[in-house]
Amino acid sequence: MILCDAGVLLCLVDRTQPQHKSYRDAVMRLASPLLTTWSCLTEAMYLSLHRGGWTMQKQLGQLLLDKLLIVYEIQERDYSRLLELMEQYRDRPMDLADATLVLVAERTGDRQILTLDSDFLFYRIENQETFDVIRVQ
């Protein structure tokens, strides 16, 4: 599966974003749904509310209903790892949403990510592997 951060989720529903059409077309061509976390989806919903109101939030929710987006469930046993990651990358700083995506990569082995965030060029999966950041033109 391909991981997806909040910035791309917002880009998918916000037509004013410069890369909206590119990302929308790329996601529609994918054979499998995107994988994200509740933290990323919450961040995207918050931004959607302020940029386009309920209409934009509904479009984001429709990605879930259409099964184009799957939400990975963070478990209680993962909390300490999330805090470790945020401390490790505090100089960037790493927010909770980004930490959850690194954690998902560690748990699933999925390295591909759709992101607008250059920090994923620096983050390491299990402190070793790099993410395969998908470039959309």
Side-chain angles (χ1 to χ4, degrees):
M1 293 191 120
I2 297 172
L3 302 170
C4 184
D5 79 349
V8 170
L9 292 174
L10 179 64
C11 189
L12 290 173
V13 297
D14 184 354
R15 293 174 193 229
T16 67
Q17 296 293 311
Q19 294 179 300
H20 166 76
K21 185 172 178 359
S22 302
Y23 276 92
R24 188 86 179 164
D25 292 347
V27 167
M28 293 303 172
R29 286 191 305 267
L30 294 174
S32 65
L34 298 173
L35 183 60
T36 195
T37 65
W38 284 116
S39 296
C40 294
L41 185 58
T42 300
E43 184 179 326
M45 280 287 188
Y46 174 82
L47 295 170
S48 294
L49 176 64
H50 292 281
R51 295 204 182 174
W54 163 243
T55 303
M56 194 176 288
Q57 286 184 307
K58 186 177 179 182
Q59 291 172 352
L60 195 51
Q62 194 64 44
L63 295 174
L64 288 169
L65 296 175
D66 292 341
K67 299 188 187 313
L68 295 172
L69 187 63
I70 294 174
V71 178
Y72 182 93
E73 296 284 344
I74 302 297
Q75 304 298 313
E76 186 175 344
R77 63 180 157 74
D78 297 322
Y79 297 167
S80 62
R81 180 61 179 147
L82 291 174
L83 292 174
E84 286 172 14
L85 287 165
M86 291 169 69
E87 181 177 15
Q88 178 181 348
Y89 292 104
R90 67 185 175 272
D91 61 324
R92 300 225 60 87
M94 176 185 268
D95 64 19
L96 178 64
D98 286 359
T100 63
L101 290 172
V102 174
L103 178 94
V104 171
E106 291 178 349
R107 298 291 188 254
T108 66
D110 295 321
R111 293 181 49 227
Q112 289 188 308
I113 188 166
L114 276 171
T115 183
L116 302 172
D117 188 344
S118 63
D119 288 336
F120 283 92
L121 298 171
F122 299 96
Y123 298 153
R124 295 293 178 259
I125 302 163
E126 295 179 359
N127 298 321
Q128 297 174 17
E129 294 183 62
T130 59
F131 279 88
D132 179 8
V133 176
I134 299 172
R135 304 280 184 212
V136 174
Q137 302 293 327

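Each residue takes its place number in the sequence, starting with 1.
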- [ ] Verify side-chain contact (heavy atoms from CB on, under 4.5 Å) between Leu12 and Leu34, making sure each step is shown before the conclusion.
- [x] CA-CA 12 Å; Leu12 290 173; Leu34 298 173; 4.3 Å; yes

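- Side-chain atoms of Ser32 never come within 3.5 Å of backbone atoms of Met1 as a donor-acceptor pair (strictly under, hydrogens ignored).
- Residues Asp25 and Lys21 are paired through a salt bridge, judged by an N-O separation under 4.0 Å between the basic side chain and the carboxylate.
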Which pairs of donor and acceptor atoms, one on a side chain in residues 95-103, lie under 3.5 Å apart (sequence neighbours left out)?
| unit_1 | atom_1 | unit_2 | atom_2 | d |
| --- | --- | --- | --- | --- |
| Asp95 | OD1 | Ala97 | N | 3.3 |
| Asp95 | OD1 | Asp98 | N | 2.8 |
| Asp98 | OD2 | Tyr123 | OH | 3.1 |
| Thr100 | OG1 | Thr37 | OG1 | 2.8 |
| Thr100 | OG1 | Ala97 | O | 2.6 |

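- Ile2 and Leu9 end up in the same hydrophobic cluster when Ile, Leu, Val, Met, Phe, Trp and Tyr side chains are linked at under 4.5 Å.
- Listed by chain and residue number, Gln88 satisfy the side-chain hydrogen bond (donor to acceptor under 3.5 Å, both in side chains) test with Asn127 (two or more places apart in sequence, or in another chain).
- The minimum heavy-atom distance linking Thr36 with Cys4 is given by the pair OG1-O, 2.9 Å.
- Between Ser22 and Val136, the shortest heavy-atom contact is O-CG1, 3.4 Å.
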Atom pairs and distances, side-chain donor-acceptor, residues 61-69, under 3.5 Å, sequence neighbours left out:
| unit_1 | atom_1 | unit_2 | atom_2 | d |
| --- | --- | --- | --- | --- |
| Gln62 | NE2 | Asp66 | OD1 | 3.0 |

Name the atoms and distances for all side-chain donor-acceptor pairs under 3.5 Å in residues 111-118, with sequence neighbours left out.
| unit_1 | atom_1 | unit_2 | atom_2 | d |
| --- | --- | --- | --- | --- |
| Arg111 | NE | Glu129 | OE1 | 3.3 |
| Arg111 | NE | Thr130 | O | 2.9 |
| Arg111 | NH2 | Thr130 | O | 2.9 |
| Thr115 | OG1 | Asp5 | OD2 | 2.5 |
| Thr115 | OG1 | Asp117 | N | 2.9 |
| Asp117 | OD1 | Asp119 | N | 2.8 |

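- Residues satisfying the side-chain hydrogen bond (donor to acceptor under 3.5 Å, both in side chains) criterion with Glu84, sequence neighbours excluded, are Arg81.
- In this structure, Arg107 is not positioned above the aromatic face of Tyr72 in the sense of NZ or CZ being under 6.0 Å from the six-membered ring centre and within 45° of the axis.
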In residues 41-52, what donor-acceptor pairs under 3.5 Å come from side-chain atoms, sequence neighbours left out?
| unit_1 | atom_1 | unit_2 | atom_2 | d |
| --- | --- | --- | --- | --- |
| Thr42 | OG1 | Trp38 | O | 2.7 |
| Ser48 | OG | Ala44 | O | 2.8 |

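- Taking each heavy atom of Met56 and Val13 in turn, the nearest pair found is CG-CG2, 3.5 Å.
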